[in-house]
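Proteins come first, then strands; the chains are lettered A, B, ... in the order of their sequence lines, and each starts at number 1.
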Number of protein chains: 2
Amino acid sequence: MLSKKTKYGIKALTFLARQNSRKPVQIATISKSENISVKFLESILLTLKKNGILGSKKGSGGGYYLLKDPKDVPMTLVMRVLEGPIAMVPCVSLNYYEKCDDCPDEGTCAVHRLMIQIRDNSLKVFRNTTLADLAN
Amino acid sequence: MLSKKTKYGIKALTFLARQNSRKPVQIATISKSENISVKFLESILLTLKKNGILGSKKGSGGGYYLLKDPKDVPMTLVMRVLEGPIAMVPCVSLNYYEKCDDCPDEGTCAVHRLMIQIRDNSLKVFRNTTLADLAN
DNA sequence: TAGTATCCTACTAAATCGATAGGATAATTA
DNA sequence: TAATTATCCTATCGATTTAGTAGGATACTA
């Protein structure tokens, strides 16, 4: 299951990408438009900021804004920041590889073989999709 | 993340598929070979049985066995039984569709659009992979 | 009828999820 | 400079899920 954090994060980013200008947008504005709890959204936007996807400005007229052009924000980045590794098991993860302690041989492991295919296909989708594609 | 339940379930099924005969195999045997807690495995095999994938026999010489030829067991079935819906959000699920209460229009929803692609690709993999493929 | 192995229910510790609370900090405006 | 605004940050919390464990009931075999 996709976490609400990721779901809301993607919605918020798309909302920002659909904006005409790149002026800061307040949390409250996004929250209202996308039906997301203000406080929860706040924490999500904060992690997006900490990971270099969003910029922010404090005070009156402040808010969050995209740091890059939507077409330069691949969904691989967004997914990794919000949801974590794209792979369903650590032993097939490109960026967070970890050996399974119960599995003596990855070469003969059925789960490993199956999940590599899933990872490759998901990766293809996320790599080929940018924020611009989602914003339409 | 793939749950251990699903991971162990796939491993157990593959173990059974690799067996020469279709004679019942005891939980303890699979447990030892695949490094899975006996009790946890027990509950997994039970749900696989309840969902028509495995058969069982009680008493001495008993155990679990595949009900169908491995090549007739698609991974879609296994995944749905063990892990649940293949889609990452209910609003793109084929078998367990549910409308998001926060989302006014699926047509313009970025998450919806993205997750349909992921679902389609995962579905393709799971449909085209049978237990026989994993057992080699 | 003793032994074996599945069947079934209930319980639990730990982790994660989806928030919420409340104050600190920084920028703007009057 | 003082008030206002809006992000920043830490901490907490209830509910749910996960990954098991315990222990007895049932059914089959020898």
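For the pair B:Lys58 NZ and C:dT6 C1', the interatomic distance rounds to 6 Å; values are reported in whole Å. Between the P atom of C:dT9 and the NZ atom of B:Lys39 lies a distance of 13 Å, rounded to the nearest Å. Taking atom NZ on A:Lys4 and atom P on D:dA15, their separation rounds to 16 Å, with Å as the unit. Regarding B:Leu2, its CG atom lies at a distance of 9 Å from the P atom of D:dA19, rounded to whole Å. Distance CG (B:Leu41) to P (C:dC7): 12 Å, rounded to an integer number of Å. Counting to the nearest Å, the P atom of C:dG22 and the CD atom of A:Glu42 are 14 Å from each other. The CZ atom of A:Phe40 sits 14 Å away from the C1' atom of D:dA15 (whole-angstrom rounding). The separation between A:Met1 atom CE and C:dG18 atom C1' is 12 Å, rounded to whole Å.
Using a 4.0 Å cut-off, some side-chain N or O of B:Ser37 falls inside it from OP1 or OP2 of D:dT21. Proximity of B:Ser56 to the phosphate of C:dC7: a side-chain N or O atom is located under 4.0 Å from OP1 or OP2. Between A:Lys57 and C:dT28 there is a side-chain N or O to OP1 or OP2 distance below 4.0 Å. One finds a side-chain N or O of A:Tyr8 lying less than 4.0 angstrom from the OP1 or OP2 phosphate oxygen of C:dA19.
Remark: B:Asp102 engages A:Lys7 in a salt bridge, criterion side-chain N to carboxylate O under 4.0 Å.
For the pair A:Arg22 (side chain) and A:Leu66 (backbone), a donor-acceptor distance under 3.5 Å is absent.
Among D:dT7, C:dT29, C:dC8, the nucleotide with an atom closest to any side-chain atom of A:Ser60 is C:dT29.
Proximity of A:Tyr65 to A:Gln19: side-chain heavy atoms (C-beta onward) are nowhere separated by under 4.5 Å.
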